[in-house]
**Q** 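Questions regarding the structure given below will be posed in turn.
Only this structure's heavy atoms are used, side chains among them; waters, hydrogens and symmetry mates stay out. Convention: sequence-line order gives letters A, B, ...; per-chain numbering from 1.
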There are 2 protein chains.
Amino acid sequence: MKPTIKDIAARSGVSIATVSRVLSQKTGTYSEKTQAKILRIAKELGYRKNTAAVELVKKRSAVIAVILNATPTNFSTGVIDGIQKRASELGQGVIILYAGNRDDQMLHKAIVTALERTVSGILLTAIEPDDADLTLLKDSGIPFCFVSLYLNQPKILSVSSNNESITSQAVDYLVEQGHTAIALAGIDGYHTGTQRITGYEAGLKAHGITTSCIKYGDYSYESGRKLLQEFLPLKVTAIITASDMIAAGILNAAQEVGIRVPEDLSLVSIDGTIICNITTPGLTSVTQDFYRIGSRSVDQVMGHDVETFVPVKIDKRGSVKQLEK
Amino acid sequence: MKPTIKDIAARSGVSIATVSRVLSQKTGTYSEKTQAKILRIAKELGYRKNTAAVELVKKRSAVIAVILNATPTNFSTGVIDGIQKRASELGQGVIILYAGNRDDQMLHKAIVTALERTVSGILLTAIEPDDADLTLLKDSGIPFCFVSLYLNQPKILSVSSNNESITSQAVDYLVEQGHTAIALAGIDGYHTGTQRITGYEAGLKAHGITTSCIKYGDYSYESGRKLLQEFLPLKVTAIITASDMIAAGILNAAQEVGIRVPEDLSLVSIDGTIICNITTPGLTSVTQDFYRIGSRSVDQVMGHDVETFVPVKIDKRGSVKQLEK
DNA sequence: TAGGGTATTGTAAACGTTTACGTAAAGTGC
DNA sequence: GCACTTTACGTAAACGTTTACAATACCCTA
């Protein structure tokens, strides 16, 4: 059915080893005449390498497995674009394995699938595995790297924005705009969330602000809407939100109860995806460079020397009011 | 390094064939005693099957390849969730191959990768391949199915909403709300776009409306913003948009020039993703059931008998004004 | 006890490709 | 012309797993 190198060898009058060398481009091991003949016949037959056979023999493949989290935020496209582009430049293919949203079983299955496939590297995108799966990864001998997440453990590769810097910059910016009653909303209790709390509190302290206010959530729009209720009795003038979706949820729920953004409540959103342009008003954001994070994580997992942290920036839109001091 | 069935056989005192039978669960071909011993040793050794070896021998794998388009709209998550869940129920794994956004080279590479991997089926998600790639798929012997797109060719499997029905229902709804000057915005010239034009025009005709107005775009937010300029000199009271992103773009650009939605301009958006809840006002939508489309496409590619079309519904939010007749 | 049927296990080959090593031919330099 | 080096090619084995077929062991019944 599917042509093999045996078929090409038979038609070319050469051995399967020669066919293999030509198709693997082992320069200097075949003549131009032989090469031309083999390539012509391969094309005529519609030959395609059997990936399984190659991987079995080489015990390695030129494929990076990306394990993708179905996070309620929508930054994945930028990350994937960056990964795909850089991997292609380095001669690597990319397969994506889907891990659902905080579904330990799906995550475990995705990790095992990647390990079974002798991939050249594994990128875990905004995913925090439990200890058993982390051990599995470490013991596999396959390089892996966290993307848009880091664990504060040395020896574990990662590429991300600096979560402490994200929130401390947001605090700096809001203080600069005259705000002193600043909350942090929608983060969770995992590493990313705790790192952002650290930066938030350090930012408040640096400005001599002694009152902090933190509300947990799950990064989703619905979570944002619910969180607005919790802020109603509080005297905060500004909220830093854990994601664009949290911000959109707070924004819309606020407007529904007559709280105007930015006049009555200012918002600074973490991520800075296209959602920030869609809302009314547009959301001022601490914008992450997801494309570069993705791209750089490929270099990281391939063993190149790169910086862990990708810089963020403040993008001013319409959700922050300057207060009189 | 990685344990093989040879290692297990040596420790168990049985042949590799017996180990293989146990690990492949060939019931009735091994004793319970032998099974228990083999499974215990496999676990102690941390054994994992080598997927490449299995695929090489069986010439087939229990994996569905999903080729994913980076469409500017964001319905992928629902589709992927549906695919992943249904595939799991049917004992199939899923790998995702990324094809960029209308990038013929990336698409071709993704298709070739899927074919090289002896997958059990290929799902093409909102992707329209050129004739050469379509021929490649047909000649491969591997079943494939279009997801959220259909080509009007018999024998080619697909699962989608009915694009003619989408626009004709949108027209029906707007006419019911008193609108007669109705435009269609943001669709492209590919199959999906032309099918939606057909439904739009049939809907107008059915209501005796003789003036149609169609503006092409690329489903993106930026495209939507630009399109609003083209509508300024026209006397339309309502626009059906090709995607939620187009709608958001038109909505925001309109508000920036003093056109109020829905008072001055009504919008009905195709897709109905979470974006419709985020905008202000919320967008009335023809909502597609992406989860069910994904789920059903798995049944389709696995050879089960399913309906091609998944029903849509109108979700009323805040973007359509009822006009006086 | 002998015979028949079923369960259990082992041997050998297959799957498609890569590559180490050996051999032959061609090319280069003295 | 000879010796050495490089190019080109072939043979054989490897990779890890599956499975057809043969052999053996076990169980049940007459």
Side-chain angles (χ1 to χ4, degrees), chain A residues 1-39 41-42 45-63 112-113 115-120 140-141, chain B residues 1-39 41-42 45-63 112-113 115-120 140-141:
Chain A
M1 169 112 262
K2 282 173 65 174
T4 71
I5 62 172
K6 286 180 197 168
D7 303 312
I8 298 175
R11 288 189 178 219
S12 308
V14 299
S15 72
I16 59 173
T18 302
V19 174
S20 182
R21 280 190 292 262
V22 168
L23 296 178
S24 301
Q25 298 173 336
K26 305 284 183 184
T27 314
T29 70
Y30 48 80
S31 67
E32 286 189 21
K33 179 182 163 195
T34 300
Q35 177 191 37
K37 179 165 55 169
I38 288 171
L39 291 181
I41 290 169
L45 291 178
Y47 171 80
R48 272 188 305 272
K49 282 198 185 186
N50 181 319
T51 303
V54 175
E55 288 176 4
L56 178 58
V57 168
K58 297 182 74 166
K59 298 190 174 194
R60 184 107 296 186
S61 67
V63 171
V112 170
T113 298
L115 296 180
E116 285 174 348
R117 285 198 172 275
T118 63
V119 295
S120 56
S140 72
Chain B
M1 171 109 261
K2 286 172 65 177
T4 70
I5 63 172
K6 284 179 198 168
D7 302 312
I8 299 173
R11 287 188 179 221
S12 309
V14 299
S15 72
I16 57 172
T18 300
V19 175
S20 180
R21 279 191 290 264
V22 168
L23 295 179
S24 301
Q25 297 173 339
K26 303 285 186 187
T27 315
T29 71
Y30 47 81
S31 67
E32 285 189 20
K33 179 183 160 193
T34 301
Q35 176 189 36
K37 181 167 51 170
I38 289 172
L39 292 181
I41 291 168
L45 291 178
Y47 170 80
R48 271 188 308 271
K49 281 199 186 187
N50 181 319
T51 303
V54 176
E55 289 177 5
L56 178 59
V57 166
K58 297 182 75 166
K59 299 193 176 195
R60 183 103 302 180
S61 67
V63 172
V112 170
T113 298
L115 297 180
E116 284 174 349
R117 284 197 170 275
T118 62
V119 295
S120 55
S140 72

**Q** Of the nucleotides C/dG16, D/dC9, D/dT18, which one has an atom closest to the side chain of B/Ile16?
**A**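 Within the option list, the nearest is D/dT18.
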**Q** How many Å lie between NZ on A/Lys37 and C1' on D/dA8, as a whole number?
**A**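 Atom NZ in A/Lys37 sits about 13 Å away from atom C1' in D/dA8.
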**Q** Might you point out which heavy atoms bring B/Thr34 and B/Ser31 nearest each other, and give the distance in Å?
**A**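 What the structure gives for the nearest pair is OG1-OG, 2.8 Å.
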**Q** Does the side chain of B/Tyr47 reach to within under 4.5 Å of the side chain of B/Asp7, using non-hydrogen atoms?
**A** no
**Q** Nearest whole Å is fine: how far is D/dC21 P from B/Lys26 NZ?
**A**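 One finds 15 Å between P of D/dC21 and NZ of B/Lys26, rounded.
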**Q** Over how many whole Å does the gap from A/Lys58 atom NZ to C/dG16 atom C1' extend?
**A**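 So the NZ-C1' distance, A/Lys58 to C/dG16, works out to 14 Å.
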**Q** To the nearest Å, how far apart are B/Leu23 CG and D/dT17 P?
**A** 8 Å
**Q** Under 4.0 Å between any heavy atoms, over every strand shown, what does A/Ser31 touch: base, sugar-phosphate, or nothing? Just pick one.
**A**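 It contacts sugar-phosphate atoms only.
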**Q** How many angstroms lie between OG1 in A/Thr51 and CG in A/Leu56, if you round to the nearest 0.5 Å?
**A** 12.0 Å
**Q** Remember a base hit wins even if backbone is also touched, and classify B/Ser20 as base, sugar-phosphate or nothing at under 4.0 Å, heavy atoms.
**A**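 Base, at least one base heavy atom under 4.0 Å.
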**Q** From CD1 of A/Ile5 over to C1' of C/dT19, roughly how many Å is that when rounded to an integer?
**A** 11 Å
**Q** What nitrogen or oxygen pairs link the protein and nucleotides 22-27 of chain C at under 3.5 Å?
**A**
none

**Q** Taking all non-hydrogen atoms of both residues into account, name the closest pair between A/Tyr30 and A/Arg21 and its distance.
**A**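 In this case the closest contact between A/Tyr30 and A/Arg21 is CE2-O, 3.5 Å.
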**Q** Rounded to the nearest 0.5 Å, how far apart are CZ of B/Arg48 and CG of A/Leu115?
**A**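 It is 4.5 Å, given to the nearest 0.5 Å.
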**Q** Determine the contact category for A/Arg48: base if any of its heavy atoms lies under 4.0 Å from a base atom, sugar-phosphate if only primed atoms, P, OP1 or OP2 are that close, otherwise nothing.
**A**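 A/Arg48: backbone/sugar contact only, no base atoms under 4.0 Å.
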**Q** Which nucleotide in the list D/dT19, D/dC9, C/dT18 gets nearest to the side chain of A/Thr18?
**A** D/dC9
**Q** Would you indicate which nucleotide in C/dT19, D/dT18, C/dT18 comes nearest to any side-chain atom of B/Val57?
**A**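 Nearest to the side-chain atoms of B/Val57, counting from C-beta on, is D/dT18.
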**Q** Is there a side-chain polar atom (N or O) of A/Lys59 under 4.0 Å from OP1 or OP2 of D/dA14?
**A**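 A/Lys59 to D/dA14 OP1/OP2: no side-chain N or O under 4.0 Å.
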**Q** Give the rounded distance in Å between these two atoms: CG of A/Leu115 and C1' of D/dG16.
**A** 17 Å
**Q** Let's see if you can work this out: which of C/dT11, C/dC15, C/dT19 has an atom nearest to the side-chain heavy atoms of B/Leu56?
**A**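 Nearest listed nucleotide: C/dC15.
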**Q** Let me know, please, whether B/Thr51 or B/Arg21 comes out on the 5' side of the other along DNA chain D by nearest nucleotide.
**A**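 Nearest nucleotide further toward 5': that of B/Thr51.
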**Q** Would you say a side-chain N or O of A/Thr34 is under 4.0 Å from OP1 or OP2 of D/dA8?
**A** no
**Q** Taking only N and O in the side chain of A/Tyr47, is any of them less than 4.0 Å away from OP1 or OP2 of C/dT17?
**A**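 Affirmative; the distance criterion is met.
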**Q** Looking only at the side chain of B/Ala53 (C-beta and beyond, no hydrogens), which of the listed nucleotides D/dG16, C/dT9, D/dC9 gets closest?
**A**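 Looking only at heavy atoms from C-beta outward on B/Ala53, the closest nucleotide is D/dG16.
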**Q** Base, sugar-phosphate, or nothing: which does B/Thr29 touch, judged by heavy atoms less than 4.0 Å apart?
**A** base
**Q** Whole Å only: how far is the CD atom of B/Glu55 from the P atom of C/dT17?
**A** 14 Å
**Q** Nearest whole angstrom, please: distance from the C1' of C/dA7 to the NZ of B/Lys33.
**A** 15 Å
**Q** Using a 4.0 Å heavy-atom cut-off, does B/Val14 contact any base of the nucleic acid, only the sugar-phosphate backbone, or nothing at all?
**A** sugar-phosphate
**Q** Please report the interatomic distance OG1(B/Thr4) to NZ(B/Lys49), rounded to the nearest 0.5 Å.
**A**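 Output value for this atom pair is 13.5 Å.
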**Q** Locate the shortest heavy-atom distance separating A/Leu23 from A/Ala42; write the atom from each residue and the value.
**A**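 So the two residues come closest at CD2-CB, 4.5 Å.
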**Q** Salt bridge or not between B/Glu55 and A/Arg117? Use side-chain N to carboxylate O under 4.0 Å.
**A** yes
